[in-house]
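Treat the numbers as computed from the prediction; the structure is a model and nothing was measured. One-based numbering along the sequence shown.
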Amino acid sequence: MNKTKLFLLALMAIGFVACATDTVDEGGQMSPEATIAKKLINTSSNAVAGELVIYVDEATAEQLTLAESATRSGVASIDTFASEVGATDVKPVFNLKVNAELKRQLGMHRWFTVYFPADADLDKVAQRLAKCEDVQSVQFSTRVARPNVTMSEIDPATMAATRSEEVPFDDSLLPKQWHYNNDGSVDFPNAKAGADINLFPAWELTTGRPDVIVAVVDEGVCYTHKDLQPNMLANEAELNGEEGVDDDNNGYVDDVYGYNFVDNGRITWTRNGDSGHGTHVAGTVAAVNNNGIGVAGVAGGSGNGDGVRLISCQIISGGNAAGVSATAAAVEYAADRGACVLQNSWGFEAGQIANDNMFESGSTSVEVKAFEYFMAKQNHPNLEGGIIIFAAGNDGKAMAGYPAAYNKLIAVSAIGPDANPTYYTCYDRGCNVSAPGGEYYRKSGSTSEAGCVASTLPGDKYAFMQGTSMACPHVSGIAALAISYAADNGIVLTLPELKDIIVSSVSGLKFEGSKANYGTNGTINLTSYNNKMGTGLIDAYRVLMAVRGTTCIPLPLGEQAILDISNHIGNGGVQVKMLESEISDEVKEKLGITDCRFMGSKLVITCTKPGSALVKFKYVAGGNTVGGGQITGGMEAEQEFALIVRPGVKLDEGTGAPIIPGGWL
């Protein structure tokens, strides 16, 4: 008898025989009906047919593991029962061939997927399983939501720069990537300079490192794309091994650049129903920079082989979406392949899961267990754990969809080139930070795509797309830059520290009036979004400064600002005397500084060019005079600051200081 059959029979022997022990509600015990209801942790809505996920107790898990390697036949009565149920297979959800110790500590060995004919009644089979006392929970394998993609391919004839502004790399479409550096010239109503992730100054500090791995959980990533292939992480054992063989013995055959968890095989992107969504997302994270073609990636390197690396964890294929069992396995696989950033532009419809308790279901949700594993596993020496980032959702609702809304993950909402919420974005509850997601708009009877996000598409193509799916990889790329910069500077970040840095390194967003709803031809009341787009618009440069431990001081463009530097030392409001500090001619030229002088502890400064620069200001710590010789006084100290000159920073009319850290956009 084969191992699968023995494994199945052991499950029946351990679990279904226990069904007879259920008791009626007597003496305070739960009735069988209540027991069943408690064990069913979700519903069969949009679930994969022919499979259920079960969570068993410790002893049962161990016996099932032993049964998988048993060599004797089962008991006739159990054979009969197996035939009655019609079950065809039972498999562990998680792969204990890799990192088994940590997985056992997290209880991942207690999860199994039961397979049976696809025409069986899911609810009836689930109720039957839930009667067994050794089965602690039964979970329907809910399918992830397929992305609703609106796409406009980019004509190669338009691949010439359309802005006079200089860009740091020679990628032909970089001038169209306003989402990295928006000068306000985008063909979009009320496009606003500064509505971007402030990436160019961040690139002066780091463009990524090859030892930082980002897993793209999505449609398959076209790993042959000329603008992605150099930044794809190859599994060398499988790449150079025998086709159809698990050369590295990790449980997956031919997983060279990732694995297809829908079809259980190689990554695909050309099947009927594929949209290119995963490839587009991957390009924003790490398309190869400075290679003279196409787009640039947030963490795509400088053209010297130094970009971060990508792997593809495919959960959507040919229009078919994986259930939670396969999706959980994909997250586990990402961790086992060394990823420290998990990029997720997928999820369930907003409102389908109401709160964290429902999502966790008493910590017996298989996808929660996979996320716990990813966050617990340290795959990079400069980040203690792994960071998970999700698109908030495109349902336009005042809450993020799950898993994005889960409070241990980062959910990303979307703005357009006008620094306003897009018509489709989820916002408010569960949303942590915003990033450019792009937006189509109608003009003169046609639709303009210039306000969308430009990135890669299978077949060495490029396209514009919109969505929180497009906003999310900006944040994943910035997280990869943060880890890279930490490694460059010998800094070790904890996972809570990195999450705090990302959600706090933002520009403020303030909304007034209304804008067109390009999805319904109606209007959007923008004021209803205030304080509901997470903490604000993520800023790549500020993220790196936070990793460095440097305080950022925002300055307006072309206006005189008066800053009390003492408010930026320590906890603010300290008693210090500022000393005259020289600002280099290079910094003055870069920021167009036309006025720079101290008045007591206050700095009067006017900057006429957008940009960022590091400066050091000197002050006396203890008294008004520097001590030395015959003078008893304080010591001379200095502190590094980052001056960030951005359009949209507003000043207090009375003091001339920025209203809030980061200013309003």
Subject >> Short side-chain donor-acceptor distance under 3.5 Å, Ser345 and Gln343 >> reply: yes
Subject >> Pair Lys103 + Asp336, salt bridge at N-O below 4.0 Å >> reply: yes
Original post:
Are Thr468 and Asn394 linked by a side-chain donor-acceptor pair shorter than 3.5 Å?
Top reply: yes
Original post:
Is the backbone N or O of Ile491 less than 3.5 Å from a side-chain atom of Asn382, with the two atoms forming a donor-acceptor pair by type?
Top reply: yes
Original post:
Is there side-chain contact between Glu449 and Lys176, with heavy atoms separated by less than 4.5 Å?
Top reply: no
**OP:** Report yes or no: does Lys377 contribute a side-chain atom to a donor-acceptor pair with the main-chain N or O of Gly386 at less than 3.5 Å?
**Re:** no
Subject >> Check: Asp248 side chain, Glu238 main-chain N or O, donor-acceptor pair, under 3.5 Å >> reply: no
Subject >> Donor-acceptor pair between Glu219 and Ser275 side chains, under 3.5 angstrom >> reply: yes
Subject >> Aromatic ring pairing Trp346/Phe348, orientation class (parallel under 30°, perpendicular over 60°, tilted between) >> reply: perpendicular
**OP:** Please determine, by modelled atom types, if Glu640 and Thr550 share a side-chain donor-acceptor pair under 3.5 angstrom.
**Re:** yes
Original post:
When you look at Tyr541 and Leu205, which way does the side chain to side chain contact (heavy atoms under 4.5 Å, CB included) test go after all the steps?
Top reply: CA-CA 9 Å; Tyr541 183 76; Leu205 302 172; 3.8 Å; yes
Original post:
Counting N and O atoms only, with roles assigned by atom type, does the side chain of Trp178 sit under 3.5 Å from a partner on the main chain of Cys452, one being a donor and the other an acceptor?
Top reply: yes
Subject >> For Tyr252, side-chain hydrogen bond (donor to acceptor under 3.5 Å, both in side chains) partners two or more places apart >> reply: none
Original post:
Crowded around Lys97 NZ? As in, over 12 foreign heavy atoms under 6.0 Å?
Top reply: yes
Original post:
With a 6.0 Å cut-off on ring centres, are Tyr180 and Phe169 close enough?
Top reply: no
Original post:
For the ring pair Phe261 and Tyr333, is the centre-to-centre distance below 6.0 Å?
Top reply: yes
Original post:
Any sub-3.5 Å donor-acceptor pair from Asn289's side-chain atoms to Gly301's backbone N or O?
Top reply: yes
Original post:
Are the side chains of Met470 and Thr284 in touch, meaning some heavy atoms are under 4.5 Å apart?
Top reply: no
Subject >> Side-chain donor/acceptor of Thr207 to backbone N/O of Trp203, under 3.5 Å >> reply: no
Subject >> Steps toward side chain to side chain contact (heavy atoms under 4.5 Å, CB included) verdict (Val341, Val285) >> reply: CA-CA 11 Å; Val341 180; Val285 176; over 6 Å; no
**OP:** Using atom types as modelled and distance alone, determine if a side-chain donor or acceptor of Glu332 lies under 3.5 Å from a backbone N or O of Tyr373.
**Re:** no
Subject >> Side chain His280, main chain Val453, donor-acceptor under 3.5 Å >> reply: yes
Subject >> Option from Ile388, Val308, Ile389 for which side-chain contact (heavy atoms from CB on, under 4.5 Å) with Ser476 holds >> reply: Ile389
Original post:
Would Asn290 and Ser302 satisfy side chain to side chain contact (heavy atoms under 4.5 Å, CB included), going step by step from the backbone distance to the final call?
Top reply: CA-CA 6 Å; Asn290 212 31; Ser302 63; 5.5 Å; no
Subject >> Qualifying residue for side-chain hydrogen bond (donor to acceptor under 3.5 Å, both in side chains) with Tyr462, from Asp155, Asp227, Thr279 >> reply: Asp227
**OP:** Run the numbers on Ser317 and Arg271 for side chain to side chain contact (heavy atoms under 4.5 Å, CB included), then give the verdict.
**Re:** CA-CA 7 Å; Ser317 174; Arg271 296 184 175 173; 3.6 Å; yes
**OP:** Answer yes or no: is there a donor N or O on one side and an acceptor on the other, between the side chain of Asp171 and the main chain of Gly294, under 3.5 Å?
**Re:** no
Subject >> Heavy-atom check, side chain of Ser612 versus side chain of Ile644, under 4.5 Å >> reply: yes
Subject >> Side-chain ion pair, Lys609 and Glu589, N-O less than 4.0 Å >> reply: yes
Original post:
Under a 4.5 Å cut-off applied to non-hydrogen side-chain atoms, are Ser152 and Tyr440 in contact?
Top reply: yes
**OP:** Please confirm whether the backbone N or O of Val217 pairs with a side-chain atom of Asn344, one donor and one acceptor, at under 3.5 Å?
**Re:** no
Original post:
Do Leu239 and Tyr257 have side-chain heavy atoms sitting under 4.5 Å apart?
Top reply: yes
